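The block underneath contains the structure these notes are about, expressed in structure tokens.
Numbered from 1 within each chain, the chains take letters A, B, ... in sequence-line order. Since this is a predicted model, take the numbers as computed values, not measurements. The analysis underlying the following values was restricted to heavy atoms, covering all of them including side chains, and did not include hydrogens, waters or symmetry mates.
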There are 2 protein chains.
Amino acid sequence: MTGSIRRAKAEQTVLALKAAARRLFAERGYLNTKITDILAEAGRSAGVFYDHFASKEELLAALIADFRADAAERAAAMDCAADEHDLSDRAQLRAHIEVFWHTYTAHLPVMVAMFQASMVDGELTAGFGEWLNTTMLHQHLEQLDKRGVHLAGDPALLASAVSSMLLQFAYVWLATGGRAPGGTTARSAPSADEAIDMLTSLVHNGIVAH
Amino acid sequence: MTGSIRRAKAEQTVLALKAAARRLFAERGYLNTKITDILAEAGRSAGVFYDHFASKEELLAALIADFRADAAERAAAMDCAADEHDLSDRAQLRAHIEVFWHTYTAHLPVMVAMFQASMVDGELTAGFGEWLNTTMLHQHLEQLDKRGVHLAGDPALLASAVSSMLLQFAYVWLATGGRAPGGTTARSAPSADEAIDMLTSLVHNGIVAH
DNA sequence: GTCTATATGGGGATAGAC
DNA sequence: GTCTATCCCCATATAGAC
């Protein structure tokens, strides 16, 4: 049964490489991380990487798959179908944003990596915000629209704007280590809850026409 | 007077390099543009680049300087001091967003480059949105706050969120060639004016508490 | 499955002729 | 000032021993 032992060891190595990659992506970013660095961080030596992944992109794809699985689970944990939600209800909206925030936080390395990879790839640029944009926002907004709520603009545009804000804001906030943005205000650093509240208010008031 | 001739030729080369860089940044992005490419695009040969710039970053710095000059001019053209503005007035807010949009459009290559460079650099990540964030937004929001307007959150956080939205939305919109985001809606592509209207409504309603 | 050693190539950067 | 030629570093990727 040496076969299964070998497989187990390989599995261990794959996990070690993924873990190392996540650490480095969070620390220095995806583009600045060389395959060599990942190997070193994982305590493995040169050739090993290619025994498990064809390229750095493929590793990222694996991480994204892991992320998607977890994101789907978190989304499902919010129970019920999209048409039962009502984003014009503040509490529900906040719950959505909170899920987004915690998912983003939990997968920060992958988020950073996707973000940076999309800068270079072009193919990914358009498709990047989709898990958020289409999955969570666009449909909900269409729903509201059909339900007769007078929105601030075209649902697709609105969804794009809101997801842009959430993604970029979270990126700046988290990827820079939670330091308060702006910086001129001499206050104690705002908490994540404060940020989520602010985002909730902004979106809640912003998406409907007044 | 060969000295001045040489200087003039050098100046020409610098301009040619900058122009070539702008073209390529817009076309394939900053990170994907190699120094070699810029030289080829400018029709110059290998060594020339380093006679004028120490690195690609330095070239970008020069482009940013050009941009800042123009941006300052556009901002000044909106006349008057910051404390005379009132972002809670929809027309004034729209004018601000319009200036941002047109400035962004006019300097798309530099915007793309700054954006991408800041994503990778980390040093720049925080500092990137500042011309917009601090110059235009943060101060205005502080003003409103002091004037007793009840904002949706901490001015610094709000400013960061709004600038995040504007930058990311414009990036996705413009850098991907103005293709409509989302894409599932089978409508004719929305116009820039439509986008600006939407952003105006979103911000206008979003920043004040209701 | 994992290691060491090494081949390959792209792109940054410089030297020196013109 | 600009060109050609070249160096060199570093990351990717493979070969083959263990």
Side-chain angles (χ1 to χ4, degrees), chain A residues 1-25 27-63 112-113 116-117 119-122, chain B residues 1-21 23-25 27-63 113 116-117 119-124:
Chain A
M1 277 294 170
T2 62
S4 62
I5 291 176
R6 290 199 148 179
R7 185 132 25 88
K9 288 193 76 175
E11 189 62 23
Q12 280 304 104
T13 300
V14 167
L15 289 178
L17 289 175
K18 281 190 193 172
R22 268 192 293 262
R23 250 172 284 138
L24 293 175
F25 290 171
E27 184 186 309
R28 63 179 75 163
Y30 173 75
L31 295 174
N32 292 324
T33 300
K34 308 304 167 199
I35 292 182
T36 314
D37 303 333
I38 299 174
L39 262 347
E41 174 78 15
R44 312 294 160 119
S45 50
V48 183
F49 187 89
Y50 299 95
D51 294 332
H52 305 279
F53 301 101
S55 62
K56 199 169 68 167
E57 290 72 38
E58 193 174 286
L59 195 172
L60 175 57
L63 292 179
V112 171
Q116 296 192 348
M119 299 281 98
V120 175
D121 199 318
Chain B
M1 275 294 168
T2 63
S4 62
I5 292 175
R6 291 199 147 180
R7 185 131 26 88
K9 287 192 76 175
E11 188 63 22
Q12 279 305 104
T13 299
V14 168
L15 289 178
L17 289 174
K18 282 191 194 172
R23 252 172 284 138
L24 293 176
F25 290 171
E27 182 186 311
R28 63 179 73 163
Y30 174 75
L31 296 174
N32 288 325
T33 301
K34 308 303 168 198
I35 293 181
T36 313
D37 302 333
I38 299 175
L39 287 165
E41 174 78 16
R44 311 297 160 116
S45 49
V48 183
F49 186 90
Y50 299 95
D51 294 332
H52 305 280
F53 302 101
S55 61
K56 199 170 68 167
E57 289 72 38
E58 193 174 286
L59 195 171
L60 176 56
L63 292 179
Q116 296 191 349
M119 292 292 102
V120 175
D121 198 319
E123 298 293 307
L124 301 175

Treating [X] as the side-chain partner and [Y] as the backbone partner, does any N or O pair qualify as donor plus acceptor under 3.5 Å?
X: B:Lys56; Y: B:Thr33; answer: yes
X: B:Gln116; Y: B:Leu31; answer: yes
X: A:Asp37; Y: A:Lys34; answer: yes
X: B:Glu11; Y: B:Arg7; answer: no
X: A:Glu41; Y: A:Ala20; answer: no

Length of the [atom1]-[atom2] vector between [X] and [N], whole Å:
X: A:Glu58; N: D:dT12; atom1: CD; atom2: C1'; answer: 15 Å
X: B:Ile5; N: D:dT2; atom1: CD1; atom2: C1'; answer: 15 Å
X: A:Leu17; N: C:dG1; atom1: CG; atom2: C1'; answer: 12 Å
X: A:Leu31; N: D:dA11; atom1: CG; atom2: C1'; answer: 14 Å
X: A:Ile38; N: D:dA13; atom1: CD1; atom2: P; answer: 12 Å
X: A:Phe49; N: C:dG1; atom1: CZ; atom2: C1'; answer: 16 Å
X: A:Phe53; N: C:dT2; atom1: CZ; atom2: P; answer: 12 Å
X: A:Leu39; N: C:dT2; atom1: CG; atom2: P; answer: 11 Å

Q: Quick one, give me the B/S/- string for nucleotides 11-18 of chain C, reading 5' to 3', where B means a protein heavy atom under 4.0 Å from the base and S means that only happens at the primed atoms, P, OP1 or OP2.
A: SSBB----
Q. Between B:His52 and D:dT2, is there a side-chain N or O to OP1/OP2 distance below 4.0 Å?
A.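 Yes, within the criterion.
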Q) Between B:Ser45 and D:dT2, does any side-chain N or O lie under 4.0 Å from OP1 or OP2? A)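 For D:dT2, neither OP1 nor OP2 has a side-chain N or O of B:Ser45 closer than 4.0 Å.
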Q | Considering all heavy atoms, the nearest A:Ala113-A:Tyr30 contact | A |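 Scanning both residues, the minimum pair turns out to be CA-CB, 3.5 Å.
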